[in-house]
Amino acid sequence: MSHAVNAQEQKFGGIATPMGAATPDLDMRKVGEARSTLMNLRLGQASDSVGGQTVIDPKGYLTDLQSMLPSFGADIYDIKKARELLKSVRETNPNHPPAWIASARLEEVTGKLQSARNIIMEGSGICSKSEDIWLEATRLQPPELSRSVIAKAVQNVPYSVRIWVKAAELETEVKSKKKVYRKALEQIPNSVRLWKEAVEIEDPDDARILLARAVECCPSSTELWLALARLETYENAKKVVNKARENIPTDRQIWIAAAKLEETQGNAARVGVIIERSLQSLAATGVEINRDLWLKEAIESEKAGSVLTCQAIVRAIIPRGGLEEEDQKHTWIQDAESFESQSAFECARAVYAHALSIYPNSKKLWQKAAWLEKNHGTREAFETILEQAVAHRPRVEMLWLMLAKSKWMAGDIAGSRSILSNAFAANPNSEEIWLAAVKLESENSEDQRARLLLQKARSSAPTPRVMMKSAKLEWALNDLTRALDIVNEGLKSYLNDAKLWMMKGQLLEQMGQREPATAVYSEAQKKCPDSVVLPVLASRLEEKNQNITRARAILETARKRNPKKDELWLEAVRVELRAGQKEAAEKLMSMAVQEVPDSGLLYADWIFMQPRATRRRKSIDAANKCETDVHFLLAVALLFWTERRLAKVREWFARAIRLDADLGDTYAYWYKFEQLHGTEEEQREVMKKCVDAEPHHGEKWCAVSKDMRNYRRKTHEILPMVADSLDVPT
């Protein structure tokens with residue numbers, strides 16, 4: 001055994017504990033820890049020996065001492081040392097209450113409760129003016145004796161609020177508690193705590209009488225004044241609040257209470273006047289108008305149901321603060337978003353209302369205000385905001401489209417048409433509005449109206465999107481020849497539009513014309529060399545024609561043009577896997593992740609190409625490269641699914657959605673998971689998330705949603721279809 005003296009032991013006098021007496025079951029490490037801790041409590045730290053006044057915080061002292069007490073039977077020697085040390089403290093400075101309390105607690109934790117009581121009672125006789133020692137003595141006594149101990153405490157320390165409160169707590173009858181508090185208030189009439197405790201056990205009428213006396217004794221207590229005002233009638237409450245303002249002219253809460261009082265009586269005009277007057281009055285008395293504190297008061301007012309008061313505070317406060325004009329709008333938007341994050345939606349509305357009164361032509365403010373109502377308000381409020389918005393900003397297409405969609409979703413087709421008609425008048429030849437009108441008619445099976453609109457759009461605004469939507473409608477109506485004619489018409493003007501080329505190739509494939517489709521894809525890749533989808537479609541067509549070598553060549557050529565496109569690498573790997581060439585696929589994937597090292601899309605497939613035993617390690621490697629990629633997060637969820645760690649699966653699905661709510665594959669896998677392992681309620685929750693997000697991307701999702709047979713299907717119909725098409729991960 002080493003007998004080296006460490007730095008702490010050198011500081012406090014070396015090794016004081018004889019080691020020869022150690023027993024086999026003694027934990028030497030714990031003994032050393034306890035000894036060094038005890039040595040830190042030197043007598044010179046316990047008291048400065050001047051009139052018994054301690055230089056240590058008594059509460060902290062007791063807490064530290066209690067925390068070092070041994071918690072197991074083997075430390076008998078250390079308990080003895082602690083007992084001797086504390087006895088020395090008591091003898092050296094008997095007027096030091098923490099020493100008596102610590103000694104009693106030592107005996108208590110070692111099971112010697114009677115010794116603890118004897119020590120604390122002895123201490124209470126010596127330190128009879130210490131409220132801490134009396135409270136400890138009361139705690140240690142059995143219930144039948146504690147009341148007599150607290151009675152002695154009251155006699156010795158009649159001005160201790162804590163002792164009087166403890167005395168009341170020990171009484172079992174309300175009548176006796178009231179008696180104790182009345183005696184206490186005779187001794188300490190200016191104690192706010194005693195008045196509050198006394199009022200809480202009274203009925204409303206007696207409480208009002210008691211509070212009237214309380215505010216006379218404690219005129220600077222805002223709590224007591226406001227409590228009295230709440231119990232009074234409206235007229236009397238006004239008088240109470242006015243008296244409170246006279247006694248405490250610097251407290252904003254009294255003014256806010258006055259505003260809330262007027263709001264309860266329906267005096268809406270008075271609310272704003274009172275808040276404005278409060279700011280003027282407080283500023284006149286030298287009180288700093290702290291913007292953040294007042295905005296917090298607005299939140300509290302809203303939570304208390306005082307909507308008018310919270311809005312009045314916001315209107316009065318947000319213009320203050322000396323903001324530069326160019327910073328105002330940005331700061332107000334931040335204020336509104338902060339309110340929204342704290343569920344203070346009325347406060348946020350008040351911010352936007354004020355901001356829009358200053359900046360009525362701000363597109364961003366109108367959008368923010370509209371989204372607030374969409375997410376947290378009613379449809380009527382949402383549409384009202386948008387109607388105001390389009391009146392101020394008629395040239396902002398998105399505002400019109402949001403309003404038209406709201407009408408449509410509510411089943412008001414005529415209203416939606418009317419909105420779009422007004423939008424056309426304000427924005428002639430707008431592509432977005434044309435297409436919105438087409439979608440409205442198409443979704444409601446008004447195919448002829450949709451065709452006419454698209455025909456007009458092609459005449460006045462023949463953009464690539466208009467041409468594509470026109471062809472898509474004909475395709476959905478199974479008029480493939482007409483769809484192909486429209487695509488060819490579009491390609492005459494937009495030869496470099498990849499989507500038109502894709503549609504042409506796919507139409508030819510569906511019509512059974514594979515050779516012309518191959519030629520189209522070949523020409524398209526020359527016209528659109530940066531397109532990723534065109535070589536993929538061309539490669540898949542070659543696979544259908546059993547020409548794997550040609551499929552590989554197309555993808556290799558595309559990768560040389562676009563070496564950083566992970567979709568091309570992934571398709572090349574899948575070609576090899578479909579051909580049964582697993583080694584070639586592994587080699588290609590290794591090259592792919594070297595070329596695009598942060599691609600979650602690649603790692604998501606690579607993880608499941610590994611044997612089950614090594615998938616976890618591969619996922620950890622991937623996490624170091626692409627931990628914020630949604631495809632990687634989805635892959636991890638599926639990995640946990642294979643391990644049947646169901647809680648983890650849900651956690652990672654939720655992470656993926658938080659990162660990218662537009663990836664439909666995540667919802668589909670999650671929905672299938674809940675179908676197999678969840679409840680109907682959990683399935684409905686996933687469905688709701690999906691419907692709210694309206695996803696548009698994802699390999700599995702788009703395979704179903706963009707199938708022309710599902711042209712008019714809604715999100716809630718597509719989700720189960722995609723889920724049914726998925727395989728359970730293995």
Picking from V596, V593, V532, what satisfies side chain to side chain contact (heavy atoms under 4.5 Å, CB included) with D566? V596
Between atom CG of L541 and atom OH of Y521, what is the distance when rounded to the nearest 0.5 Å? 6.5 Å
Could you tell me the separation between the CH2 atom of W569 and the CZ atom of R559, rounded to the nearest 0.5 Å? 4.5 Å
Close side-chain approach of T557 to R561, heavy-atom, < 4.5 Å: yes
Check step by step if side-chain hydrogen bond (donor to acceptor under 3.5 Å, both in side chains) holds for Q311 and E346. CA-CA 7 Å; Q311 291 177 339; E346 294 296 341; 3.1 Å; yes
Does the K407 side chain pair with the main chain of D412, one donor and one acceptor, at a distance under 3.5 Å? no
Does the distance from a Lys or Arg side-chain N to an Asp or Glu carboxylate O, for E674 and K689, drop under 4.0 Å? no
Check ion pair R684-E681 (N to O, under 4.0 angstrom): yes
Quick check against the 3.5 Å criterion: does K363 have a side-chain atom that pairs as donor or acceptor with the backbone of V396? no
Measure from the ring center of F424 to the ring center of W434 and say whether it is less than 6.0 Å. yes
Should we count NZ of K688 as having more than 12 external heavy atoms under 6.0 Å? no
Step through the shown structure and confirm whether more than 12 heavy atoms of other residues, nucleotides or ligands are within 6.0 Å of CD on E443. yes
Got a salt bridge between R451 and E441, using NZ or NE/NH1/NH2 to carboxylate O under 4.0 Å? no
Write down the atom of A538, the atom of Q525, and the distance for their closest heavy-atom approach. CB-NE2, 3.6 Å
Measure from the side-chain N and O atoms of N562 to the backbone N and O of P529, and report whether any donor-acceptor pair falls under 3.5 Å. yes
Side chain N427, main chain S430, donor-acceptor under 3.5 Å: no
If the plane angle is over 60° it's perpendicular, under 30° parallel, otherwise tilted; pick one for F382 and W371. tilted
With a 4.5 Å limit on heavy-atom distance, are the side chains of T715 and Y667 in contact? no
Starting from the C-alpha separation in whole Å, work towards a yes-or-no answer on side chain to side chain contact (heavy atoms under 4.5 Å, CB included) for I413 and S416. CA-CA 5 Å; I413 307 303; S416 184; 5.6 Å; no
Nearest heavy-atom neighbours spanning Y671 and V686: N-CG1, 3.9 Å
If you define the side chain from C-beta out and look only at heavy atoms, does anything of E337 sit under 4.5 Å from K368? yes
Quick one: sort the F653 and W670 rings into parallel, tilted or perpendicular, breaks at 30° and 60°. parallel
Under the 3.5 angstrom rule, does the side chain of D662 hit a backbone N or O of H696 as a donor-acceptor pair? yes
Side-chain (N710) to main-chain (R713) donor-acceptor, under 3.5 angstrom: no
Spacing of L454 atom CG and K456 atom NZ [to the nearest 0.5 Å]: 11.5 Å
Looking at R712 and S442, would you say the former's side chain and the latter's main chain have a donor-acceptor pair under 3.5 Å? yes
Kindly check if the number of other-residue, nucleotide or ligand heavy atoms within 6.0 Å of NE2 (H697) is above 12? no
Minimum heavy-atom distance between R650 and G678, given as atom pair plus value: NH2-CA, 3.7 Å
Tell me, with the steps shown, if W701 and C690 meet side chain to side chain contact (heavy atoms under 4.5 Å, CB included). CA-CA 12 Å; W701 182 268; C690 186; 3.8 Å; yes
Side chains of Q510 and W475: is there a donor and an acceptor less than 3.5 Å apart? yes
Hey, mind stepping through W641 and H677 against side chain to side chain contact (heavy atoms under 4.5 Å, CB included) and telling me if it holds? CA-CA 10 Å; W641 190 350; H677 304 289; 3.2 Å; yes
Residues K544 and E509 bridged, charged N to O under 4.0 Å: yes
Do the side chains of E595 and K564 get close enough for a salt bridge, i.e. N-O under 4.0 angstrom? yes
Does a side-chain N-to-carboxylate-O contact under 4.0 Å join R465 and E432? yes
Nearest non-hydrogen partners of L639 and F608, listed with the distance: N-CZ, 3.6 Å
Tell me if a side-chain donor or acceptor on N488 pairs with a main-chain N or O of L484 at a distance below 3.5 Å. yes
Compare all side-chain heavy atoms of L420 with those of L401 and state whether any distance is below 4.5 angstrom. yes
Student check: side-chain heavy atoms of E446 and R417 closer than 4.5 Å: yes
Donor-acceptor pair, distance only, cut-off 3.5 Å: does the side chain of S418 make one with the backbone of A414? no
Set out, in order, the CA-CA distance, both residues' side-chain angles and the distance that settles salt bridge (Lys or Arg N to Asp or Glu O under 4.0 Å) for E474 and R458, then state yes or no. CA-CA 14 Å; E474 300 299 338; R458 291 198 301 276; 6.0 Å; no
Heavy-atom check, side chain of M467 versus side chain of V487, under 4.5 Å: no
Are a donor atom and an acceptor atom from the side chains of Q342 and S338 found within less than 3.5 Å of each other? yes
Salt bridge between R379 and E383, side-chain N to carboxylate O under 4.0 Å? yes
Ignoring hydrogens and angles, tell me if any N or O in the side chain of W366 forms a donor-acceptor pair with the backbone of L386 under 3.5 Å. no
Which atom of L663 lies closest to which atom of H631, heavy atoms considered: CD1-NE2, 4.1 Å
Is any side-chain N of the basic residue among R574 and E699 closer than 4.0 Å to the acidic one's carboxylate O? yes
Let me confirm one number: the CZ-CD1 distance from R349 to I385, rounded to the nearest 0.5 Å. 9.0 Å
Would you compute the distance between atom CG of L403 and atom CD1 of I419 and round it to the nearest 0.5 angstrom? 4.0 Å
Contact between N444 and W408 at the side-chain level, heavy atoms closer than 4.5 Å - yes or no? yes
Can you find a heavy atom in the side chain of S599 that is under 4.5 Å from one in the side chain of C626? no
If I compare all heavy atoms of V520 with all of G505, which pair ends up nearest, and what's the gap? CG1-N, 3.9 Å
Could you measure the distance from the CZ atom of R514 to the CG atom of L508? Nearest 0.5 Å is fine. 12.5 Å
Evaluate side chain to side chain contact (heavy atoms under 4.5 Å, CB included) for K439 paired with K469, printing each intermediate quantity in order. CA-CA 9 Å; K439 183 175 182 180; K469 293 291 184 183; over 6 Å; no
